[in-house]
Each structure stands twice: as C-alpha cells, then as structure tokens.
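Please see the structure below; I have some questions.
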Amino acid sequence: MLPTYPIVDLIAQYESELEHLPRLEELGLHQDLAIETLSHPHFCHYGVQVAVLRADQLHPVISGNKWFKLKFNLVQARRQNCSELLSFGGAWSNHLHALAYLGQQLGLATVGVIRGEELDAQVNPMLQESVQRGMTLQFVSRREFRELRQDCAMLEAQGRYLIPEGGDNMLGMLGAASMMAALQTDINDFTHVLVASGTGCTFAGLRLGLPDRVQLLGVSALKGAWVQRAMVKRMAQLPVSTDNWRLSTEHHRGGFAVIDESLLSFMAEFGHNTGLELEPVYTAKTMSALFDFIQQQTIPAGSRVLFIHSGGLQGKRGFEPNPPQPGE
Ligand SMILES: *Cc1c(COP(=O)(O)O)cnc(C)c1O
C-alpha cells in the first residue's frame with residue numbers, strides 16, 4: 001500500500017533514482033510531452049474546449065502510458081538487484097512489446113508469459129519483434145495463465161523481478177500519476193481529464209496524480225459489469241475521494257478489440273478533421289465516447305477537457321490485414 005507521505009514526494013524520490021538508471025538516456029525518450037488544442041466542429045458546436053496530451057509521442061516503440069507504468073518498476077528491480085524482468089500478456093500486448101524493447105536497451109533479460117498455448121512467436125509482428133529484442137516467450141494455456149496471474153510464486157527466481165499483466169501494480173499507478181506531475185501546463189486549466197482504460201492502472205494512477213477539483217473520466221475498452229466493480233474496489237483502497245471520477249463501461253463497442261466499420265470511419269473522419277491519429281482498441285473508442293459525453297452534456301458547455309493520447313499506434317498495424325483475436 002501507499003506510504004502516508006504525499007504522493008508528490010514519493011514520485012520525486014522514484015524519479016531521482018530513475019535518472020541514475022544506466023543507459024536510460026539511450027532510450028531517447030521524448031520527455032516533454034506536448035499539449036495540443038484539437039479543433040473539431042462537434043466541440044465547437046457544444047462550446048467545449050478539447051486539448052490532447054501527446055503521450056503517444058514519447059517514443060515510437062515504448063508508446064504512451066506503457067512507459068509510465070513500467071518506469072518505477074525498473075527502479076524497484078534495480079533496488080532489488082534483479083537483472084531479469086518477467087511479465088504477462090496476450091499475443092497483442094503493447095505492454096510486453098514495450099518491456100522487450102526496454103530490456104534490450106537497458107541490458108536486462110526479459111521473459112513474457114503469453115496467454116495461448118497454441119500460439120508461437122510467428123503469429124504476429126508484435127511477438128516477432130519481442131523475440132528479436134531478446135525476450136524469452138512462454139506460451140501457456142488460458143487456465144494456466146489465470147492461475148499464474150493469481151499466484152505467481154512458481155515463477156519467482158533469484159534475480160527475477162515480476163511485473164503483473166499490463167504493468168498493473170502500485171508502482172504502475174504511481175508512474176501514471178507522475179504523468180500529471182510532468183505536465184508543461186497547469187493542470188488546473190482543465191475541468192476534465194479523459195483516458196482509455198484497460199486494466200485500470202493508468203486511470204487509477206491519474207486519479208492519484210490529479211488535483212481533487214479536476215474530474216477524471218475513463219472509458220473501458222473491456223466489456224462487463226465487473227469492470228466497474230473492480231474499479232470501485234480499487235479506488236476504495238486509495239487515498240482519493242469518490243465523487244470526482246467516473247469510468248464508463250458503455251463505450252467498449254462490443255468488447256475488447258472488437259472493431260467495426262463505424263468505428264473505423266469515425267477514426268478516419270476524426271483524423272481527417274483534426275490531424276490526430278488514433279488506434280481502434282483504446283483511443284478511438286475513448287474519443288468517440290467523448291463525442292457522446294459532450295452531446296449528452298455529461299461534459300457541459302464551457303468545459304476544458306484534456307484527452308490523454310495513451311499511444312498504442314505500434315499495435316495498430318495488426319488491424320490492417322488480419323484483425324487480432326479478442327482477448328488481447
Ligand atoms: C495499454 C493501453 C491502455 C490501457 O492502460 P491500462 O493502464 O491498462 O488501463 C490505454 N491506451 C493504450 C493505447 C494502451 O496501449
């Protein structure tokens with residue numbers, strides 16, 4: 001659990017240790033993330049201002065929120081003298097793809113436990129690249145995957161640091177919170193922050209990092225009533241209030257990685273109007289939810305919204321000729 005001292009101090013402490021990580025500079029991270037104003041007739045019509053935090057521009061491979069969730073875990077692995085990082089994911093996991101790259105650049109061994117015993121590294125370019133970057137893949141059945149995720153004692157080994165699926169642990173949340181600390185603009189200029197949610201780690205972390213008066217809206221890419229229940233439970237364990245966040249479970253558009261023509265045409269139209277490229281699994285669904293929130297006046301006229309572009313464009317190529325299977 002979170003120590004009781006203020007989160008900004010905790011973030012500062014991890015940031016200062018992060019700076020001492022060998023070879024960090026070689027990653028070439030673009031740390032000063034731009035905030036750009038988005039103009040679209042829909043926003044104008046309803047009198048809502050929308051800006052985007054370009055976390056997608058952080059790095060071409062370690063895109064967006066994945067770095068923020070991993071960075072303090074790297075510090076922790078170093079504190080514990082670990083030289084191998086192990087984590088979990090599906091075949092299309094942006095998280096494992098980012099981890100493989102980080103491992104290669106920082107000189108750490110990486111292991112990815114993949115859901116689906118029938119798969120191999122050739123199934124898609126995300127896994128192929130991860131292997132090329134030195135990641136060892138272990139393919140396990142869905143059942144085994146669930147069991148390992150709940151109790152990973154079997155995977156523990158000397159010098160190995162375990163990271164949950166999606167980088168979803170306390171340090172992942174703290175890293176997501178640090179995204180707000182690093183802003184170039186005063187966050188109090190905004191009334192709402194909007195972000196896509198998968199595991200919910202980024203969403204919960206942002207809540208920790210935001211001032212109370214800024215509303216946080218999340219859009220779940222996953223389907224199911226459990227998503228909301230899990231978030232309520234998670235938030236109850238964090239030092240946050242209950243009335244300044246909302247996670248929509250109504251905008252998954254059929255479920256995780258389910259993509260239809262209307263979403264693709266929304267994405268194309270939006271890109272054409274604003275010049276901002278989105279991907280279909282997370283950010284396009286979240287942006288289309290924003291259109292609804294504005295129209296329904298859940299976000300009223302006069303609001304100033306900061307949309308977090310959480311990245312994911314490196315996984316987008318999967319949606320061109322062969323769509324991935326739901327489940328990752
Ligand atoms: C992984 C991912 C998310 C979800 O982040 P969580 O912390 O798991 O909720 C959102 N957007 C993009 C582009 C992602 O790749």
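The first residue of the sequence shown is numbered 1, and numbering continues consecutively from there.
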For L70 versus A98, what's the shortest heavy-atom pair and its separation?
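Minimum heavy-atom separation between L70 and A98: CD1-CB, 4.4 Å.
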Measuring from atom OG of S87 to atom CZ of R149, what distance do you get when rounded to the nearest 0.5 angstrom?
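CZ of R149 is found 11.0 Å from OG of S87.
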Side-chain donor/acceptor of D212 to backbone N/O of N244, under 3.5 Å
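Pair absent, no side-chain N/O of D212 close to backbone of N244.
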Counting N and O atoms only, with roles assigned by atom type, does the side chain of K285 sit under 3.5 Å from a partner on the main chain of H252, one being a donor and the other an acceptor?
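Yes: the side chain of K285 pairs with the backbone of H252.
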Over all heavy atoms of both residues, which pair between N188 and R213 is shortest? Give the atoms and the distance, please.
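Taking every non-hydrogen atom into account, OD1-NH1, 3.0 Å.
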For the pair R207 and L238, evaluate side chain to side chain contact (heavy atoms under 4.5 Å, CB included) and give the outcome as yes or no after the intermediate values.
CA-CA 9 Å; R207 189 58 273 168; L238 298 175; over 6 Å; no
Ignoring hydrogens and geometry, is there a side-chain-to-backbone donor-acceptor pair from S16 to Q13 under 3.5 Å?
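Present.
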Do I114 and L96 come close enough that some side-chain heavy atom pair is under 4.5 Å?
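The answer is yes; the side chains approach within 4.5 Å.
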Could you check whether any side-chain heavy atom of N94 comes within less than 4.5 Å of a side-chain heavy atom of M126, counting everything from C-beta outward?
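Side-chain contact under 4.5 Å: yes.
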Sequence neighbours left out, what passes salt bridge (charged side-chain N to carboxylate O under 4.0 Å, His left out) with D292? Give chain and number order.
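By the salt bridge (charged side-chain N to carboxylate O under 4.0 Å, His left out) rule, D292 matches no residue at all.
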Just grab all the ring-ring contact (aromatic ring centres under 6.0 Å, His included) pairs involving residues 148-195, residues at least two apart or on different chains.
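Sorted pair list comes back empty.
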From W245 CH2 over to L210 CG, what is the distance, rounded to the nearest 0.5 angstrom?
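Separation between the atoms: 14.0 Å.
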Main-chain N/O of V281 paired to E279 side chain as donor or acceptor, under 3.5 Å
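Yes; at least one donor-acceptor contact below 3.5 Å.
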Side-chain contact, heavy-atom cut-off 4.5 Å: Y14 with S178?
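No, every pair of side-chain atoms sits at 4.5 Å or beyond.
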I'd like to check the side chain to side chain donor-acceptor pair (under 3.5 Å) partners of T199; sequence neighbours left out, ordered by chain and number.
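Partners of T199 by the side chain to side chain donor-acceptor pair (under 3.5 Å) criterion come out as none, since no residue qualifies.
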Interatomic distance, E250 atom CD to Q228 atom CD [nearest 0.5 angstrom]
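The distance works out to 9.5 Å.
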Among residues at least two apart in sequence or on other chains, which ones pass salt bridge (charged side-chain N to carboxylate O under 4.0 Å, His left out) with E15?
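Testing E15 for salt bridge (charged side-chain N to carboxylate O under 4.0 Å, His left out), a comparison that skips the adjacent residues, returns K71.
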So, for C201 and A176, which heavy atoms are closest and what is the spacing to 0.1 Å?
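Looking at all heavy atoms of both residues, the closest pair is O-CB, 4.3 Å.
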Stepwise side chain to side chain contact (heavy atoms under 4.5 Å, CB included) test for I259 and L264:
CA-CA 7 Å; I259 292 150; L264 295 177; 3.7 Å; yes
Locate the shortest heavy-atom distance separating P22 from R78; write the atom from each residue and the value.
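What the structure gives for the nearest pair is CD-NH1, 3.6 Å.
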My understanding is that only residues two or more places apart in sequence, or in another chain, count here; which of them pass side-chain contact (heavy atoms from CB on, under 4.5 Å) with Q122?
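Partners of Q122 by the side-chain contact (heavy atoms from CB on, under 4.5 Å) criterion, ordered by chain and then number, come out as D120, Q128.
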Can you confirm whether E25 is buried at CD, in the sense that more than 12 heavy atoms of other residues, nucleotides or ligands lie under 6.0 Å from that atom?
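No, the 6.0 Å shell around CD holds no more than 12 heavy atoms from other groups.
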Is atom CD of Q150 surrounded by more than 12 heavy atoms (other residues, nucleotides or ligands) closer than 6.0 Å?
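No, because the 6.0 Å sphere around CD of Q150 holds 12 heavy atoms or fewer from other groups.
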Any idea which heavy atoms bring H97 and E129 closest together, and the distance?
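Closest approach of H97 to E129, heavy atoms only: NE2-OE1, 2.8 Å.
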Does the pair R79/E17 count as a salt bridge with the N-to-O cut at 4.0 Å?
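Judged by the 4.0 Å cut-off on N to carboxylate O distance, R79 and E17 do form a salt bridge.
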Using a cut-off of 6.0 Å, state whether more than 12 heavy atoms not belonging to Q31 lie near its atom CD.
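Yes - once you tally the heavy atoms of other residues, nucleotides and ligands closer than 6.0 Å, there are more than 12.
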Rounded distance [0.5 Å steps], OG in S303 versus CZ in F43:
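Interatomic distance, S303 OG to F43 CZ, rounded to 0.5 Å: 12.5 Å.
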For the atom pair CE (M179) and CG (N65), what is the distance rounded to the nearest 0.5 Å?
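M179 atom CE to N65 atom CG measures 5.5 Å (nearest 0.5 Å).
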Check the pair R142, E118 against salt bridge (Lys or Arg N to Asp or Glu O under 4.0 Å), reporting the backbone distance first and the verdict last.
CA-CA 10 Å; R142 281 155 182 80; E118 73 286 3; 3.4 Å; yes
State, yes or no, whether a side-chain contact exists between Q297 and V48 at a heavy-atom distance under 4.5 Å.
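No, too far: nothing below the 4.5 Å cut-off.
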Test side-chain contact (heavy atoms from CB on, under 4.5 Å) applied to T274 - qualifying residues, sequence neighbours left out:
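L38, H40, F270, L276.
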What residues form a side-chain contact (heavy atoms from CB on, under 4.5 Å) with D243, not counting sequence neighbours?
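Applying side-chain contact (heavy atoms from CB on, under 4.5 Å) to D243 gives S241.
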Can you sort out the partners of T110 under side chain to side chain donor-acceptor pair (under 3.5 Å), two or more places apart, ordered by chain and number?
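T110: no side chain to side chain donor-acceptor pair (under 3.5 Å) contacts found.
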Would you say the side chain of L174 lies within less than 4.5 Å of the side chain of L208, judging by non-hydrogen atoms?
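Result no, sub-4.5 Å side-chain heavy-atom pair not found.
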Strictly by side chain to side chain donor-acceptor pair (under 3.5 Å), give each pair with a member in residues 44-55 just once, sequence neighbours left out.
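Matches after skipping sequence neighbours: E36-R54, R54-D56.
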So if you build clusters from Ile, Leu, Val, Met, Phe, Trp, Tyr with side-chain heavy-atom gaps below 4.5 Å, do I308 and V240 land together?
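Yes, because I308 and V240 connect within a single hydrophobic cluster, where side-chain heavy atoms sit under 4.5 Å apart.
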Is V111 close to E84 at the side-chain level, that is, under 4.5 Å between some pair of heavy atoms?
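Counting from C-beta outward, E84 and V111 do come under 4.5 Å.
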Taking only residues two or more places apart in sequence or in another chain, which ones pass salt bridge (charged side-chain N to carboxylate O under 4.0 Å, His left out) with R304?
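Once residues adjacent in sequence are excluded, R304 has no partner under the salt bridge (charged side-chain N to carboxylate O under 4.0 Å, His left out) criterion.
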Roughly how far, to the nearest 0.5 Å, is the CG atom of L148 from the CD atom of Q138?
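Going from the CD atom of Q138 to the CG atom of L148 covers 8.5 Å.
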Shortest non-hydrogen contact from Y282 to G198?
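Closest approach of Y282 to G198, heavy atoms only: CE2-CA, 4.0 Å.
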Side-chain donor/acceptor pairs under 3.5 Å, residues 99-107, sequence neighbours excluded:
from, atom 1, to, atom 2, distance (Å)
Y101, OH, H59, NE2, 3.3

Could you work out, with side-chain contact (heavy atoms from CB on, under 4.5 Å) as the rule, every residue matching C152, not counting sequence neighbours?
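Listed in chain order: F88, L155, L162.
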May I ask you to check whether F145 and F139 place their ring centres under 6.0 Å from each other?
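Ring centroids of F139 and F145 are no less than 6.0 Å from each other.
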Please step through side chain to side chain contact (heavy atoms under 4.5 Å, CB included) for the pair F68 and T202, ending with a clear verdict.
CA-CA 8 Å; F68 288 95; T202 305; over 6 Å; no
Once the angle between the rings of F291 and H42 is folded into 0 to 90°, is it parallel (under 30°), tilted (30 to 60°) or perpendicular (over 60°)?
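Parallel, since the angle between the ring planes stays under 30°.
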Side chain to side chain contact (heavy atoms under 4.5 Å, CB included), that's the test. Do M173 and R234 meet it? Break it down for me.
CA-CA 11 Å; M173 283 193 269; R234 183 199 285 256; 3.6 Å; yes
Is there a continuous path of hydrophobic side-chain contacts, each under 4.5 Å between heavy atoms, that joins M135 to V61?
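In one cluster with M135: V61, yes.
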Mind checking whether H309 and L278 have side chains closer than 4.5 Å, heavy atoms only?
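Yes. Closest side-chain heavy atoms under 4.5 Å.
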Do V193 and L53 have side chains that approach each other closer than 4.5 Å (heavy atoms only, starting at C-beta)?
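No; the side chains remain at least 4.5 Å from each other.
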Any salt bridge linking R143 with E117? Criterion: basic side-chain nitrogen under 4.0 Å from a carboxylate oxygen.
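Looking at R143 and E117, the cut-off is not met.
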Answer with yes or no whether the hydrophobic clustering places V131 together with V113; edges join I, L, V, M, F, W, Y residues whose side-chain heavy atoms lie under 4.5 Å apart.
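No, V131 does not connect to V113 through the hydrophobic network.
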Grouping I, L, V, M, F, W and Y whenever their side-chain heavy atoms are under 4.5 Å apart, do W67 and I35 come out in a common cluster?
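Yes, W67 and I35 fall within the same hydrophobic cluster.
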Run the numbers on S93 and R115 for side chain to side chain donor-acceptor pair (under 3.5 Å), then give the verdict.
CA-CA 10 Å; S93 170; R115 190 194 304 112; over 6 Å; no
